Each structure stands twice: as C-alpha cells, then as structure tokens.
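Protein chains get the first letters and strands the later ones, always in sequence-line order, with residue 1 at the start of each. Model, not experiment: these values are computed from the prediction. When reading the values below, keep in mind they use all heavy atoms of this one structure, side chains included, and skip hydrogens, waters and symmetry mates.
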There are 2 protein chains.
Amino acid sequence: MENKTERFEKLLVKNGLKRTAPRLQVLEILSGRDSATSQPYLEQVMGKDADRVTLYRVLQAFEEKGIIHKVLDQQGTANYAICSDGCSAHEHHDEHVHFNCDNCHKIYCLDTVKIPALKVPAGFKVEHLNLIATGLCANCSDKVN
Amino acid sequence: MENKTERFEKLLVKNGLKRTAPRLQVLEILSGRDSATSQPYLEQVMGKDADRVTLYRVLQAFEEKGIIHKVLDQQGTANYAICSDGCSAHEHHDEHVHFNCDNCHKIYCLDTVKIPALKVPAGFKVEHLNLIATGLCANCSDKVN
DNA sequence: CATTTTAATGCAATTATGTTGCAAATATAA
DNA sequence: TTATATTTGCAACATAATTGCATTAAAATG
Ligand SMILES: [Mn+2]
Ligand SMILES: [Mn+2]
Ligand SMILES: [Zn+2]
Ligand SMILES: [Zn+2]
C-alpha cells in the first residue's frame, strides 16, 4: 500500500498543483485530525515553515480544486477539512451537516448527516445549503456526565 | 398607536438598557430594512454619530438581551436583524432559515421556514441549528429572467 | 431640582484576520 | 542543463474586533 505522502503528491499532480513543502505539510496536518482545522491553528502549527500569506494561498488553491472545504464556525473563523471524494474544482459534493461543539470548539464533519431539502418562499432559488449545529460533541457530553 | 421611537424606548427599558442616542439609532436603522444589516453598513450609515467601539458594544448588548440576532454571511461578516417576539436574554427563539443572495448579498430572515430537526450520531447533543441557504433572492431572480 | 450613582460612550492602543504587488526562489517541462 | 511557469516570502495595507481607562450622560435618589 502506498503511503500518505505518495497519495498527497498524486493528489497535487492530479489537480495541476506543484508538489511543494507547504502544500504537503497542510495536507499532512489536516489529514491527521479528526475534526476541521482552524486557520489560526494551522498558522500556529506551521510556524515559520511557511509564511502566513502562503498558507492563505495554499488553502485557497485547495478549496478551489475541491481538495478541502471551508466551514465558518459561530465566530466566523475559517476552518478547513479534507473533502470527501467526488469534490472537484467547480463543485463541492459534500453538503453534510457540521457540528460545532460549544465546549471544545471543534468542528466535526457529520458526513452521514445530509441537509434536508427546504421549501422556500416563491421566487427564491436555492443553490447551496449550509447547516451548522451547535451543542456538545460526543467526547464532551461524555465528560460532563 | 404609539410611534416607533416610543416602542424602542420601552424595549430598552424593559431590558434594563439606558435610552441612549446610539442605541435608538441602531434600532431605527435595523427596523427600516427588509433584510439583515451588516456591521460595515451600520458603521458607514452611523458615521461619526457613534464611535465604532460603541457600535460593537450596542450590537453585543442587543444580542445578549435577545433584541437582535446575528447571522454570519458566507464571508463571515456579521449581519444583524431584529428578533421576533419571544426572544430573551438567554434564549433566542427564532431558529429560522436565512437566505444569503449571491447577487445582491442581502441576507433575508425566512421567518416562515423552520429548520427541520436532525438525526445526529450517537453522543452528539444538538443545542442550536443554524442554516444558511445561498442562491438568488426573489428580487434578483426576477431581474435575471 | 440638585446630587449621587451607575451605565454607556469615546478615544487610543492593540490584536487578529485577510489581501495585494512584486521580486526571488523552485518545481517541473523541455 | 536550461527555460518556463508557478509558487513563495516579504512588505505594506486593509478591515474587523477587543481592551483599558478617563469622561460623559442617564436615571435613580432624596
Ligand atoms: Mn465538512
Ligand atoms: Mn433571522
Ligand atoms: Zn466537544
Ligand atoms: Zn438578491
């Protein structure tokens, strides 16, 4: 079985992106976490390995290519998670619900929970739906009890 | 029938807030619009009538008291709308869908569209739901046709 | 109505987040 | 190995938001 780095390199090539250190590092970090990762956290972890501007540009490129998707938490902070397969440059196919824990502040992609269709008033044309649930995640509600 | 300003003054008193010019002005502006109002717009309209910091503090106080609610648009910008009745200091009772138009960028409170209940994975405890639909609003989809 | 009390405002400084232009570096194609 | 096209880093800038503190003003009190 091919290792993670090899997979990431192929992913970059497939999307016409050059195999660079900051890009591989971002993929490394994101893939190693069980929840969406905030921009500030990424910035902190990458430290001086990459300039702040580079990080923003890496994230933007990945988002455009459908490699990651952005989720804003309740404070408006950008969080990023690796996309499920099937997302591409011009369409993200992962309209799942996101869960923002009030306690640990993690954002989980609830890949199995799809957003139900909506009946909107006449005239409105819905393109995308974005649903964020807040409350306590499985970990935190355990601890509280 | 009592006029708007009188109503606003009562609203402030009821919530233990002093009747000040910046507060009345914010209520005036918000109530005169058909969609949620962004912080930058408010700042611009109020001009030098109130310091930027005061505006932030007015909005925060109103939100805490359940007088207005905040909606983040797709860029993470804060937008504010007056709450429906029944919202209070510690509970907002207006979990309706919000619609963010891709064209005019307005955010509409779809008061009549409630967010459907969700089935989440075991362990997760949902407190609040926050659903933003994007697409074209009634006005803009008219114009396009 | 004058005075006291308490809440709210304005200002200055600071932090966080995100963007742009451009020169230098580097990954990859030739 | 060289050429090219992309990517990076740096500097400067823009905007959003927060904090501490002195001053002002609203409302409560007598
Ligand atoms: Mn997700
Ligand atoms: Mn609303
Ligand atoms: Zn949690
Ligand atoms: Zn519109």
5'-most contact on DNA chain D: B:Ala21 or A:Gly16, nearest heavy atom basis?
-> A:Gly16

Contacts of B:Gln74 meeting side chain to side chain contact (heavy atoms under 4.5 Å, CB included) (sequence neighbours excluded), chain-then-number -> A:Asn130, B:Asn100, B:Ile132, B:Thr134

Where does the chain B footprint on DNA chain C start and end, counting 5' to 3' with a 4.0 Å heavy-atom cut-off?
-> C:dT6 to C:dA12

Side chain to side chain contact (heavy atoms under 4.5 Å, CB included) with A:Arg33: which residues, sequence neighbours excluded?
-> A:Ile29, A:Ser35, A:Thr37, A:Tyr41

Heavy-atom check, side chain of A:Leu129 versus side chain of B:Val97, under 4.5 Å | no

Among residues two or more places apart or on two chains, list those pairs meeting salt bridge (charged side-chain N to carboxylate O under 4.0 Å, His left out) that have a residue in residues 35-44 of chain B.
-> B:Glu43-B:Arg52

Salt bridge (charged side-chain N to carboxylate O under 4.0 Å, His left out) pairs touching residues 22-31 of chain B, sequence neighbours excluded, are B:Lys4-B:Glu28

Residues in side chain to side chain donor-acceptor pair (under 3.5 Å) contact with A:Glu127, at least two apart in sequence or another chain = none

Return the angle between end axes of the helix from C:dC1-D:dG30 to C:dA30-D:dT1, with five pairs used per end and rounding to 10°.
-> 30°

A:Phe8: what forms a ring pair (Phe, Tyr, Trp, His ring centres under 6.0 Å) with it, not counting sequence neighbours?
-> none

Classify the nucleic acid contact of B:Gln39 as base, sugar-phosphate or nothing, counting any heavy atom under 4.0 Å across all strands shown.
-> sugar-phosphate

Short side-chain N/O contact to D:dT8 OP1/OP2 from A:Thr20, under 4.0 Å | yes

B:Leu17 CG to D:dA28 P, straight-line distance once rounded to whole Å | 13 Å

Protein-nucleotide distance (A:Phe62, atom CZ; D:dT6, atom P), rounded to Å = 17 Å

Can you sort out the partners of A:Arg19 under salt bridge (charged side-chain N to carboxylate O under 4.0 Å, His left out), two or more places apart, ordered by chain and number?
-> A:Glu9

Return the value, rounded to whole Å, for the distance between atom CD of A:Gln25 and atom C1' of D:dT7.
-> 15 Å

What protein N or O atoms touch nucleotides 9-13 of chain D N or O atoms at under 3.5 angstrom, if any, and at what distances?
residue, atom, partner, partner atom, Å
D:dG9, OP2, A:Asp51, N, 3.1
D:dG9, OP2, A:Thr54, OG1, 2.7
D:dG9, N7, A:Arg57, NH2, 3.0
D:dG9, O6, A:Arg57, NH2, 2.7

Whole-Å gap separating P (D:dA16) and CG (B:Leu72) | 13 Å

Figure out the CG/P separation between A:Asn15 and D:dT7, and round it to whole Å.
-> 11 Å

Hits for side chain to side chain contact (heavy atoms under 4.5 Å, CB included) against B:Asp49, two or more places apart or cross-chain, chain-then-number order -> B:Gln25

Output the single nucleotide from D:dA16, D:dT8, D:dT6 whose closest atom is nearest the side chain of A:Val58.
-> D:dT8

Rounded distance in Å - NZ (A:Lys18) to P (D:dT4) = 13 Å

With distance as the sole test, does A:Ser31 use its side chain to make a donor-acceptor pair with the main-chain N or O of A:Leu27 at under 3.5 Å?
-> yes

Quick one: B:Arg23 CZ to D:dA25 P, roughly how many Å, whole number?
-> 15 Å

Taken in chain and number order and not counting sequence neighbours, the residues that satisfy side chain to side chain contact (heavy atoms under 4.5 Å, CB included) with A:Leu72 are A:Lys70, A:Ala78

